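Below is one structure, written out as structure tokens; the observations come after it.
Keep in mind that this is a model prediction, so the values were computed, not measured. All ligand and atom numbering here is 1-based and tracks the order in the structure.
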Amino acid sequence: MKVLVINCGSSSLKFRLIEMENEEVMAKGLCERIGQAVAHFKYQPKEKDGLDCDIDFPDHDSAVKKVIETLLDEKVGVISDLSEIEAVGHRIVHGGDKFSHEECLTDDVIAEIDRCSELAPIHNPVNLIGIRACKKYMPNAHMVGVFDTAFHHELPEEAYLYGIPYKYYEDYRIRRYGFHGMSHEYVSKRTAEIMGIPYEKTKQVICHLGNGASISAIKDGHSIDTSMGYTPLEGIIMGTRSGSIDPEIIHVISKKDNKTVSEVMDTLNKKSGVFGLSNFLSSDIRDISEGYLNNNENAIRAMNTYVYSIIKYIGAYVTVLGGADSISFTAGVGENSALVRKLVCDRLSYLGVVLDEEANKNAKGESLISAKDSKIKVYAIPTDEELAIARKTARLAEEHIKNDSQK
Ligand code: ADP
């Protein structure tokens, strides 16, 4: 079965076509700056030259159309008929408290995703445009939605409730939902496999450190706490997002700077985190690391505060888990920054964490980076959200195909 994975962001669309028999990537690419004056299209087929060009993408629908045309193209394409794509897996950011696992995208499910748009106003509407476009251009393919929130669906009540009047949960469903679920699930399963411990018997801390970042506590194969909350703004300090702050700060900035609440929220989402802390030096940890090593005071402040927020959550989650077997680092920073991993692990020695400095520096792919005598094993594990989506999509589509054939 060939599965097309579609991951629509606010102004981007990532895609990957995977042959599930051997999980080989047949083609992948990225549509960027959708809706802007000049958009960009990158496409890489297996064993052929790809495309990398400026293009006109007025909306996500036109991007989906271009992806399909390119996959079918005589020169650079990798399929000769659309019917070869049997299923399409869509990443859906917010599934509210309805969806605990992937779902076939029936009209009812789509209507529920639409209702969840209130919870993720930037993401869910574009996810829906992607779904509708794929349904239009590929009416015969199985459409599956895989939710970022689903893996955190079983958080215990004490972890998902906020200390606010209970009626806000009852009336408005205000609670912790958590995000990056596919990544936390994929990386925690891989960690268990590598450790050789049954997944159902592990206590793990997963640090997904990308531009957006979240840390989660995984016990016996279930997420029992996670740092992102009602929205992806809560938790550790991120590239441009503030992470957790005292809510009163919103009130004060709004009054002092004569800004609306939406304007302050925009600052917390786009101009805060390491970007804001470094006096707008950069949101990219590569730049912050370079500045840190070159004694740039803005970079040092941002790096120290960023690392501090990470160790605080790790400490909290080791407590929540009652001890941990492993800590895994993943995503852009977690996979690539030996410096951040070292700065974090050096402050976990009280837990018996001992870093293997050489292994940390040389980590490539899935790597154990703790020393033999470390009480908690530490890993760098590349995440693969697209593959996780494709596997879930294929499983559900196959189930449906089997059921249909038995009717
Ligand atoms: P997202 O999917 O949230 O946009 P990614 O997981 O792709 O983010 O991570 C992107 C971030 O990873 C970049 O902004 C950068 O800060 C960081 N990053 C990538 N490579 C490195 C590296 N070699 N060293 C440090 N940070 C890196």
Side-chain angles (χ1 to χ4, degrees), residues 5-16 28-34 40 42 91 93 120 122-123 126-127 146 148 178-187 206-216 226-228 231-243 269-278 280-294 296 298-300 302-307 309-310 328-345 360-365 367 369 380-389:
V5 175
I6 296 282
N7 182 353
C8 288
S10 52
S11 63
S12 68
L13 186 159
K14 277 190 215 160
F15 62 95
R16 205 189 279 186
K28 63 179 178 181
L30 173 64
C31 310
E32 287 176 294
R33 300 198 294 269
I34 296 171
H40 196 82
K42 275 190 204 157
R91 178 196 193 165
V93 167
I122 299 170
H123 294 102
V126 288
N127 294 159
V146 185
D148 247 18
F179 299 87
H180 293 137
M182 269 92 72
S183 178
H184 287 293
E185 184 179 6
Y186 177 87
V187 173
I206 306 294
C207 305
H208 177 109
L209 308 179
N211 214 347
S214 64
I215 300 189
S216 63
T226 189
S227 59
M228 283 181 167
T231 72
L233 185 55
E234 194 186 343
I236 62 168
I237 288 170
M238 306 177 217
T240 63
R241 280 175 240 164
S242 63
N269 272 298
K270 298 186 185 147
K271 298 196 179 90
S272 298
V274 290
F275 184 49
L277 275 165
S278 66
F280 312 118
L281 176 68
S282 176
S283 63
D284 193 312
I285 294 295
R286 281 167 288 207
D287 302 328
I288 298 294
S289 302
E290 196 187 316
Y292 177 87
L293 296 171
N294 288 316
N296 175 309
N298 286 315
I300 291 172
M303 180 64 96
N304 286 345
T305 319
Y306 173 64
V307 168
S309 83
I310 297 171
S328 298
F329 291 92
T330 192
V333 181
E335 291 166 27
N336 298 302
S337 176
L339 176 64
V340 168
R341 293 191 304 249
K342 176 174 165 47
L343 292 173
V344 169
C345 290
N360 182 44
K361 264 189 226 150
N362 300 326
K364 221 172 178 240
S367 318
I369 57 169
I381 310 254
T383 192
D384 198 337
E385 289 167 296
E386 271 79 17
L387 180 58
I389 295 171

Rounded to the nearest 0.5 Å, what separation is found between the NE2 atom of His208 and the CE atom of Met182?
10.0 Å
If the cut-off is 4.0 Å to any non-hydrogen atom of Ala331, which atoms of ligand 1 fall inside it?
6 (O)
Nearest heavy atom to atom 8 (O) of ligand 1 wins, so pick from Leu209, Asn211, Ile288, Asn7.
Asn211
Which residue, Arg341, Lys361, Lys342, forms the side chain to side chain contact (heavy atoms under 4.5 Å, CB included) with Ile369?
Arg341
Is at least one protein non-hydrogen atom found at under 4.0 angstrom from atom 2 (O) of ligand 1?
no
Donor-acceptor under 3.5 Å (Ser283 side chain, Phe275 main chain):
no
If you measure from atom 22 (C) of ligand 1 to every heavy atom of Thr240, Val340, Asn336, which option wins on shortest distance?
Asn336
So which heavy atom in the protein is nearest atom 17 (C) of ligand 1, and how far is it from that ligand atom?
Val333 CG2, 3.6 Å
Does Gly212 have a heavy atom less than 4.0 Å from any atom of ligand 1?
yes
Taking it one step at a time, do Arg241 and Met228 satisfy side-chain contact (heavy atoms from CB on, under 4.5 Å)?
CA-CA 11 Å; Arg241 280 175 240 164; Met228 283 181 167; 3.6 Å; yes
Looking only at non-hydrogen atoms, the one of Gly332, Ser337, Ala338 nearest atom 12 (O) of ligand 1 is Gly332
Test your reading of the structure: does Gly210 have an N or O sitting under 3.5 Å from an N or O of ligand 1?
no
To the nearest 0.5 angstrom, please state how far the CG atom of Leu293 sits from the CD1 atom of Ile288.
11.5 Å
Might you point out which heavy atoms bring Ser309 and Ile237 nearest each other, and give the distance in Å?
OG-N, 3.2 Å
shortest atom 16 (O) of ligand 1-to-protein heavy-atom contact is with Ile285 N, 2.8 Å
We want to know whether Thr226 and His180 form a side-chain donor-acceptor pair, criterion being a heavy-atom distance below 3.5 angstrom.
no
Identify, for atom 24 (N) of ligand 1, the protein heavy atom at the shortest distance, and state residue, atom and that distance.
Arg286 CG, 3.4 Å
Asp284 N/O to ligand 1 N/O under 3.5 Å
yes
After noting the C-alpha distance and the side-chain angles of Ser214 and His184, does the key distance pass the side-chain hydrogen bond (donor to acceptor under 3.5 Å, both in side chains) rule?
CA-CA 9 Å; Ser214 64; His184 287 293; 2.8 Å; yes
